[in-house]
Amino acid sequence: MAHQSDKAATLDVNALLTAIAAAPDANAAMRIAVERLKAELPHYTWVGIYLLEGDALVLGPYLGKPSPHTRIPLNRGICGAAASQKATIIADDVNADPRYLACSIETKSEIVVPIMRHGRVFGEIDVDSDRRAAFGAEDRVMLEGVAQGLAERFQA
Ligand code: SME
């Protein structure tokens, strides 16, 4: 598949993790992560971070079209499922996933990666693509590494 070869290769994950660790605070670290992921990975159409506040996920830094889902209860959406299950979720075809909350009609696939440390969820990285099945093992491993780096920046 053509799209398999033009992905994470262009992103220097170690450089991103260094920048996350060096950022002045968690907000700056999140903005750096969103900017770098969106800028360097063409199949990442929308990149955002939701933060867990009580029993809802609140939209933080993002790049892409404005989303109507600025506050997602933990029992709703693919976002709510990933945070509740404390596990990465990949939807190859969002329209076939009954949990899916639509952000843009162009979106075809999605990956949601919890930002957590010692079992505590602080938030999650959410990436949408306008390509079907855009996210594979390479994206999962890379984004879980970025999420780990971000988790270190939150107060325990
Ligand atoms: N699709 C997500 C909602 C967030 S928007 O994609 C930005 C979901 O199903 O939870």
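The shown structure was predicted, so the numbers you read here are calculated from the model rather than taken from an experiment. Numbering of ligands and ligand atoms starts at 1, following listing order.
Note on Phe122 and Leu57: separate hydrophobic clusters, where clusters join Ile, Leu, Val, Met, Phe, Trp and Tyr whose side-chain heavy atoms are under 4.5 Å apart, directly or indirectly.
With ligand atoms numbered from 1 in the order given, ligand 1 contributes 4 (C), 7 (C) to contacts under 4.0 Å with heavy atoms of Tyr50. Counting the atoms of ligand 1 from 1 in the order shown, those under 4.0 Å from a heavy atom of Tyr100 are 1 (N), 9 (O). Taking every heavy atom of Trp46 and a limit of under 4.0 angstrom, the matching atoms of ligand 1 come to 7 (C). When each atom of ligand 1 is checked for a heavy atom of Asp126 under 4.0 Å away, the hits are 4 (C), 5 (S), 6 (O), 7 (C).
Among Asp12, Thr18, Asn14, Ile20, the one residue that satisfies the side-chain contact (heavy atoms from CB on, under 4.5 Å) test with Leu16 is Ile20.
Note: an N/O pair closer than 3.5 Å links Ile78 and ligand 1 by distance alone. At under 3.5 Å, a nitrogen or oxygen of Cys79, whether backbone or side chain, sits near a nitrogen or oxygen of ligand 1. In terms of polar-atom proximity, defined here as any N/O pair under 3.5 Å, Leu101 does make such a contact with ligand 1.
Heavy-atom contacts from other residues, nucleotides or ligands closer than 6.0 Å to CZ of Arg76 number 12 or fewer.
A donor-acceptor pair shorter than 3.5 Å cannot be found between the side chains of His43 and Asp130. A side-chain donor from one of Asp139 and Tyr44 sits under 3.5 Å from a side-chain acceptor of the other.
For atom 2 (C) of ligand 1, the closest heavy atom belonging to the protein is Glu110 OE2, 3.2 Å. With respect to atom 5 (S) of ligand 1, the closest heavy atom belonging to the protein is Cys103 CB, 3.2 Å. The nearest protein atom to atom 6 (O) of ligand 1, hydrogens excluded, is given as Asp128 OD2, 3.0 Å; this is a heavy-atom distance.
Of all the heavy atoms of Val94, none lies under 4.0 Å from any atom of ligand 1, so neither backbone nor side chain is involved. Contact annotation: for Ser67 versus ligand 1, heavy atoms closer than 4.0 Å belong to the side chain alone.
A side-chain donor-acceptor contact under 3.5 Å links Lys86 to the backbone of Gly119.
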Q. What's the verdict on side chain to side chain contact (heavy atoms under 4.5 Å, CB included) for Glu106 and Lys65, showing C-alpha distance, side-chain angles and the deciding distance?
A. CA-CA 11 Å; Glu106 280 99 38; Lys65 287 185 186 171; 2.4 Å; yes
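With sequence neighbours left out, Glu144 forms a side chain to side chain donor-acceptor pair (under 3.5 Å) with Thr88.
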